[in-house]
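In what follows, a structure is listed as structure tokens, so that the remarks can point back to it.
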Amino acid sequence: KVLFHELQKPEPWALVLFKIRPPYVSHIGVVLEDGNKFIHIMRNTSVCIERLDSLEWKNKVAGYLRLPE
């Protein structure tokens, strides 16, 4: 049984995986409807919406996953 499908680019409502401290995925967000923003929880205190192409995040993206239909 397939739990997730790996994606080559962001899609709305897909999970975006980040390697904050490589080599492991250590942070997860959800891609929003426009495909270039994501929502996540930062430091267990606040919910943030940020751009995937920002200098802070674009080089930390490890991949995208979505649930099968």
Side-chain angles (χ1 to χ4, degrees):
K1 184 177 179 181
V2 176
L3 296 178
F4 292 99
H5 293 292
E6 189 171 344
L7 304 172
Q8 297 301 313
K9 60 182 183 172
E11 290 182 2
W13 311 119
L15 298 177
V16 55
L17 310 174
F18 296 98
K19 289 184 180 179
I20 305 297
R21 295 182 188 113
Y24 306 106
V25 170
S26 57
H27 196 70
I28 298 174
V30 176
V31 179
L32 296 178
E33 287 186 64
D34 74 352
N36 193 39
K37 292 182 183 169
F38 70 101
I39 189 167
H40 65 119
I41 297 175
M42 198 65 173
R43 297 183 190 98
N44 296 326
T45 59
S46 59
V47 175
C48 301
I49 295 175
E50 302 195 58
R51 294 182 59 88
L52 284 167
D53 62 357
S54 71
L55 290 175
E56 181 177 0
W57 294 103
K58 71 178 179 179
N59 294 324
K60 296 175 183 173
V61 173
Y64 305 96
L65 299 173
R66 70 170 169 80
L67 292 168
E69 294 179 18

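- One hydrophobic cluster, built from ILVMFWY side chains closer than 4.5 Å, holds both L67 and I39.
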Donor-acceptor pairs under 3.5 Å, side chain of residues 54-61 to any protein atom, not counting sequence neighbours: which ones?
residue	atom	partner	partner atom	Å
S54	OG	R51	O	3.1
S54	OG	W57	N	3.4
W57	NE1	E50	OE1	3.0
K60	NZ	E56	O	3.4

For residues 4-25, which side-chain donor-acceptor pairs fall under 3.5 Å, sequence neighbours excluded?
none

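- Following chains of ILVMFWY side-chain contacts shorter than 4.5 Å, one can reach I41 starting from L32, so the two form part of one hydrophobic cluster.
- By the rule that hydrophobic residues join a cluster once side-chain heavy atoms approach within less than 4.5 Å of another member, I49 and V30 end up as members of one cluster.
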